[in-house]
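Structure, as structure tokens:
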Amino acid sequence: MNLFKSFFPRKPAKEENVSSEFCETIASPVTGKVIPVEDVSDQTFADKVLGDGIAVEPTEGKVYSPVDGEISSLIDTFHAVGITSAGGAEILIHVGKDTVELKGRYFKSHVEEGQKVKKGDLLLEFDPGSIRASGFELTTPVVISNYDEFIIEKTSKNYVTYGDVLMILKKNE
Amino acid sequence: MRLSKVNEGEVMIMKEFQYTIKDPNGLHARPAGLLVKEAQKYQSSVKITKGEKSADLKRLFAVMGLNVKCGDTVTITADGPDEDQAMNTLKEFFMSNF
């Protein structure tokens, strides 16, 4: 038992020698159970071909912006969206596995390509019940496609609500 | 093959091929990721061009930003020490994946 710990439970540790201006927080775009990206059944994501990050099994059909940034690409079937953050992170959010096959059914977009967004803006909506009933998995990888430029610290939580910290990126010097 | 002028008096030769996408879903996220990983294996600079827009084939977001759909014709160019090898492998990759 460390007495000091209980006296000063929230005192932060000494400033890390990492400059905080190069840190960027990636908020969870969805609410649900956290799944290590390596465990995602979509092998391309598990192998990190599209980037490194975390997957979330969504409990509700809403995708919010994880950062302040710009919509770099919006797949026209609205099952995936790419956002470039103010700090240069290229974040891909891919709702479900093989959901490209739905050709936009049960998905709706609230943004357009090139649009500037703020953290927490509603980007996409989908109907989880109908998508699952059509036989698709909804596990949603949130990955940084240019991950070699960053050191990624991932949440240790098992469940996140949208807006919770999912990852912290530090520029890889 | 195309000759393009870089600086005055200097002519660069680069390799290229054209391909028309047959995959009904176009160049969507997953295959785009595999394509980018393939392109990253080469030292040469590799580009994909659709109409007026060009993108670095080694960057996923750049490629996805082109929004390549079924029926679109893209031009792939490679320039560098291993350009021949890059062209051959990428051509093969396009034919078997898209």
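The sequence lines fix the lettering, A, B, ..., with proteins before strands; numbering per chain opens at 1.
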### Message
Just checking A:Lys62: does its NZ atom have more than 12 heavy atoms from other residues, nucleotides or ligands closer to it than 6.0 angstrom?
### Response
no
### Message
Is it the case that over 12 heavy atoms from other parts of the model lie below 6.0 angstrom from the NZ atom of B:Lys91?
### Response
no
### Query
Taking every heavy-atom pair that is under 4.5 Å apart, which of B:Lys37, B:His28, B:Met64, B:Arg30 has the most such pairs with chain A?
B:Arg30
### Query
What part of A:Lys97 lies closer than 4.5 angstrom to a heavy atom of chain B: side chain, backbone, both or neither?
neither
### Query
If you round to the nearest 0.5 Å, how far is CD1 of A:Ile144 from CZ of B:Phe61?
8.0 Å
### Task
Determine, for A:Glu149 against B:Arg59, whether the closest basic-nitrogen to carboxylate-oxygen distance falls under 4.0 angstrom.
yes
## Note on the structure
Residue from B:Ala32, B:Ala29, B:Ala62 scoring the most non-hydrogen pairs under 4.5 Å with chain A is B:Ala29
### Task
Count the heavy atoms of every other residue, nucleotide or ligand shown that sit under 6.0 Å from NZ of A:Lys116, and state whether that count exceeds 12.
no
### Query
Quick one: what part of A:Ile71 sits under 4.5 Å from any heavy atom of chain B, side chain, backbone, both or neither?
neither
### Summary
Honestly, the part of A:Glu113 sitting under 4.5 Å from a heavy atom of chain B is side chain
### Query
B:Leu34 pairs by side-chain contact (heavy atoms from CB on, under 4.5 Å) with which of A:Asp47, A:Thr44, A:Leu50?
A:Thr44
### Neighbour count above 12 (heavy atom, 6.0 Å) for A:Phe107 CZ
yes
#### Entry: Heavy-atom contact with chain B under 4.5 Å, split by part of A:Leu74
backbone
#### Entry: Joint cluster assignment, A:Tyr147 & B:Val63, ILVMFWY side-chain distance < 4.5 Å
no
#### Entry: Other residues, nucleotides, ligands: >12 heavy atoms within 6.0 Å of A:Gln115 CD
yes
### Task
Under 4.5 Å, counting heavy-atom pairs only, tell me which of B:Asn67, B:Leu60, B:Val36 racks up the most with chain A.
B:Leu60
### Task
Kindly compute the distance separating CG (A:Asn146) from NZ (B:Lys58), expressed to the nearest 0.5 Å.
15.5 Å
### Query
Around atom CD of B:Gln43, are there more than 12 heavy atoms of other residues, nucleotides or ligands at under 6.0 Å?
no
### Cluster link A:Val30 to A:Val160, ILVMFWY, side chain under 4.5 Å
yes
